[in-house]
Amino acid sequence: MIVKFQQELKERFRRFILDKYGVELEVITEYPPHAGLGDLALPLPFALARTVRQPPRKLAEEIVTGIGVLPGLAKLEVAGGGYINCFFDRREFLLRLHQDITSERKPPSEEGHRVIVEHTNINPNKAAHIGHLRNACLGDSLVRLLRWSGEKVEVQNYIDNTGVQVADVVVGFVHLEGATLEDIKKIPGKFDYHCWDLYSRVTEYYQQDEANLSKRQEVLAHIEAGNNPIAEIAQYIATRIVHCHLATMHRINVQYDLLAWEGDILHLKFWERAFDMLKSRNAIHLETEGKNKGCWVMNLEESELVSELEEPEKIIVRSDGTVTYVGKDIAYQLWKFGLLGQDFHYRKFHQYPDGSLLWTSTSNGGTDEPPPFGKGERVYNVIDVRQSYLQKIVYEGLRVLGFEKEFRHSTHFAYEMVALTPSCCQELALSLSPEERKKPYVEISGRKGRGVKADDLIDKLTDKAKEEVTIRNPEFTPQEVEELSRQIAIGALRYFMVKYSRNKVIPFDFKEALNFEGETGCYIQYAVVRANNILNKLSEREGFQEKDIGEFLPGVDFSVLNEPGEGDDLWEILTLMSKLSEVVDMSIQTLEISVLAKYCFTLAQKFNAFYHKYQVLREGDVNRKRIRILLVYLFRTQLKRALALMGIEVPSRM
RNA sequence: GCGCCCAUAGCUCAGCUGGAUAGAGCGUCUGACUACGAAUCAGAAGGUCGGCGGUUCGAAUCCGUCUGGGCGUGCCA
């Protein structure tokens, strides 16, 4: 809401500078370091001083006296070496803020462009781990932010069901366990956990004797050929694991619109189509000599990527004729933009408890009337930073095909990995080599079965939350405790996963992750719960209803807002609340969910301080009381909204 | 070798496109619950912003360089 207000101000200053000094300047606003210096600062005189060649302080004074009275402002002041500080008219601002926070947000228009966000993308051969959680929390938060800012968003989850990783688990079942499809189907309990252990046993099996690797090749060949028992086993494993992953992700409030299966990209010959396009554009060529003889390679000599490579070429099709992951991904990316001239078939895969449907791609026998998928205007791929180079090649593929706009509209949402601290490994009884022990952290490795499983972490968090809830509320029913601790656990987890900037490695540590105090999701939830408690007590004791606020507002005397003590305290929180949409824009622009996370925490902090300092229920002065009620209500509404953008719910009590 | 990223308080991190006294959380120490529930709050201690140059009226922020660490650079994904 503060953005609109600022634009009006900037325009007034821009025109004044143009009239008086004949200089066209972009007026920049910033926030003063503390509230005493005003609500908005204009460093404009410094910029003007350069062209006009006069001291900034003097210019600032001229501008302040010359520009006169501005709407919405209480006063202007010159400060420091030449800042112009603006003080808002607090009453007017508060009324605008109330209007803004209580009005409905318009839903995205149906005919608008569609944005595609791809995230999660876990290989369907083992349980999800904490690294995958970071991906899903970031991706899902981005989805929520985009939707809130009015975008129509389609969420895709790519399933690599034909790759090496699934093949390895098949090797495990068939060659290590001697299991048939029927045996595998009978495996009870957490199937993804079973595969987690099996997968690392297969890695050991390969290490015992390199000849064992031939089993992987056999299985891969069977999967590719299709219509055989091995392929059936692979598909069964992948599908069952995907259901496990969906269940895990559902626990943390993450949903998808479409599962895109790599197998379908192959069966429907997406790659062949993309291959033709690349060939006809001479974007790739068949290498006839040298070490890449027999491969189709993309020439990157003219790309800025060339400096990252030893060879200015990237193999797209191997000499045995199979396509690499990059090739498949180019085809997929083309499809996402509606550039491939081909489409999947679709059928329903799963229905979420809220009624929304998850669709899946399929190679044949799809449902008659699926909703439209693909044809995005912009595409975000949430993939960890280690794949930056491959992502660049995928986008480069679009560019060399002449799709300049789509190239520019492809965004790799890159984030750093979650790693394990040596102490965390010790806690999990994971063995480390002497070199690894010396490192600050070690990578998670599904292959080695080294990692913290997502469900285990969620369980731990939930158990701890249960303890805490029960200590504080021994009278709660088991169902209440269950629901509240779920919300608290997920809040803690989701906040933990987004509070770090994305280019920071998270060295995972149970103590930090299981914390409910300080800068945590729980802290923020607690602030909202407190605000709700006040509103609930008001309603119990005085029959207050939230809609009463709109009615008493016109009659309130707002002079309290201008008092040095209380006025300034309230004002600080109110201006902070007004910045949510600005923070959301910033988060999207920089792809930093941590910006929003930090904002929520700061807002909660300010409220907690207010909570201790000022009483609401027992305040005798009517105007004071009403303004405090207004603040509590606006705070509650705004922070709850901000938390929802990170998929964090607010418990009714805690 | 080349490319990308990181280095700020004992620990984990913020610090927006350069701007007004470098901020949080955890940990340590001192205080505050007959309640709008202390999963909280108030206060204290703790920093030559990795080193050295440069640009600028002004640099944690931009440029160069060095050091230390991480990750890429596959006919794996």
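Worth saying up front: this structure is predicted, and the values here are computed from it rather than measured.
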Given that A/Asn85 and A/Pro507 both sit by RNA chain B, which one's nearest nucleotide is further toward the 5' end? A/Pro507

RNA chain B: A/Met586 or A/Val323, which has the more 5' nearest nucleotide? A/Met586

Determine the Euclidean distance between corresponding [atom1] atoms of [M] and [N]; express it in Å to zero decimal places.
| N | M | atom1 | value |
| --- | --- | --- | --- |
| B/A44 | B/G50 | P | 26 Å |
| B/A7 | B/C13 | C1' | 12 Å |
| B/C2 | B/C62 | P | 23 Å |
| B/A59 | B/U8 | C1' | 14 Å |
| B/G51 | B/A42 | C1' | 39 Å |
| B/U67 | B/A22 | P | 31 Å |
| B/C57 | B/A24 | P | 33 Å |
| B/C63 | B/G3 | P | 15 Å |

Using OP1 and OP2 only, check whether a side-chain N or O of [X] sits under 4.0 Å from [N].
| X | N | answer |
| --- | --- | --- |
| A/Arg472 | B/A39 | yes |
| A/Arg318 | B/G74 | no |
| A/Tyr325 | B/A77 | no |
| A/Asn533 | B/G37 | yes |
| A/Arg386 | B/U73 | no |
| A/Tyr523 | B/C41 | yes |

Dot-bracket, 5' to 3', for RNA chain B please: Watson-Crick or G-U pairs under 3.5 Å, [ ] where pairs cross earlier ones, | where the partner sits on another strand, dots elsewhere. (((((((..((((.....[...)))).(((((.......))))).....(((((..]....))))))))))))....

If you look only at pairs with a residue in residues 624-633 of chain A, which of them pass as a salt bridge (Lys or Arg N to Asp or Glu O under 4.0 Å), with sequence neighbours excluded? A/Glu542-A/Lys625, A/Glu563-A/Arg624, A/Glu566-A/Arg624, A/Glu566-A/Arg628, A/Glu619-A/Arg628

Just by distance, with hydrogens left out, do [X] and [Y] show a side-chain donor and acceptor under 3.5 Å apart?
| X | Y | answer |
| --- | --- | --- |
| A/Asp160 | A/Tyr325 | no |
| A/Ser445 | A/Glu443 | no |
| A/Asn608 | A/Tyr523 | yes |
| A/Tyr395 | A/Gln333 | no |
| A/Glu262 | A/Tyr332 | no |

Within the 4.0 Å heavy-atom criterion, would you say [X] contacts the bases, only the backbone, or no part of the nucleic acid?
| X | result |
| --- | --- |
| A/Met654 | base |
| A/Val583 | nothing |
| A/Glu443 | sugar-phosphate |
| A/Ala414 | nothing |

Quick one: side-chain hydrogen bond (donor to acceptor under 3.5 Å, both in side chains) partners of A/Ser587, sequence neighbours excluded? none

Here the pair of heavy atoms bringing A/Leu514 nearest to A/Lys464 is O-NZ, 2.7 Å

Keeping [X] on the side-chain end and [Y] on the backbone end, is there a donor-acceptor pair under 3.5 Å?
| X | Y | value |
| --- | --- | --- |
| A/Lys314 | A/Ile393 | no |
| A/Arg502 | A/Ile593 | no |
| A/His412 | A/Ile383 | yes |

Salt bridge between A/Glu480 and A/Arg653, side-chain N to carboxylate O under 4.0 Å? no

Are A/Arg472 and A/Glu468 within salt-bridge range, i.e. N to O under 4.0 Å? yes

Rounded interatomic separation in angstrom, taking CD from A/Glu540 and P from B/G37: 10 Å

Between atom CG in A/Asp168 and atom P in B/A77, what is the gap in whole Å? 13 Å

Between [options], which nucleotide has the shortest distance from any of its atoms to the side chain of [X]?
| X | options | value |
| --- | --- | --- |
| A/Pro32 | B/A20, B/A39, B/C71 | B/A20 |
| A/Lys314 | B/A39, B/G74, B/C41 | B/G74 |
| A/Arg653 | B/C76, B/G37, B/A20 | B/G37 |
| A/Asn608 | B/C13, B/C41, B/C75 | B/C41 |
| A/Asn503 | B/G37, B/C5, B/A20 | B/C5 |
| A/Asn473 | B/G37, B/A39, B/G70 | B/G37 |
| A/Tyr441 | B/A38, B/G70, B/G72 | B/G70 |
| A/Tyr500 | B/C75, B/C71, B/U12 | B/U12 |

On the ring face of A/Phe601, is A/Lys499 found with NZ or CZ under 6.0 Å from the centre and within 45° of the axis? no

May I ask you to establish whether A/Lys579 and A/Tyr599 are in a cation-pi arrangement, using a distance under 6.0 Å from NZ or CZ to the six-membered ring centre and at most 45° from the ring axis? no

Kindly state whether the ring of A/Phe610 and the ring of A/Phe607 have centres lying under 6.0 angstrom apart. yes

Please list each protein N or O that sits under 3.5 Å from an N or O in nucleotides 7-10 of chain B, with the distance.
residue : atom : partner  : partner atom : Å
B/A7    : OP1  : A/Lys504 : NZ           : 2.9

Where the chi angle of B/C33 falls, syn if within 90° of 0 and anti if not: syn

Protein within reach of the bases, or only the backbone? For nucleotides 23-30 of chain B, mark each nucleotide 5' to 3' as B, S or -, using heavy atoms under 4.0 Å. -SSS----

Considering residues, nucleotides and ligands other than A/Glu77, do more than 12 of their heavy atoms fall under 6.0 Å from its CD? yes

Pick out the pairs of N or O atoms, protein on one side and nucleotides 66-68 of chain B on the other, that lie under 3.5 Å.
none

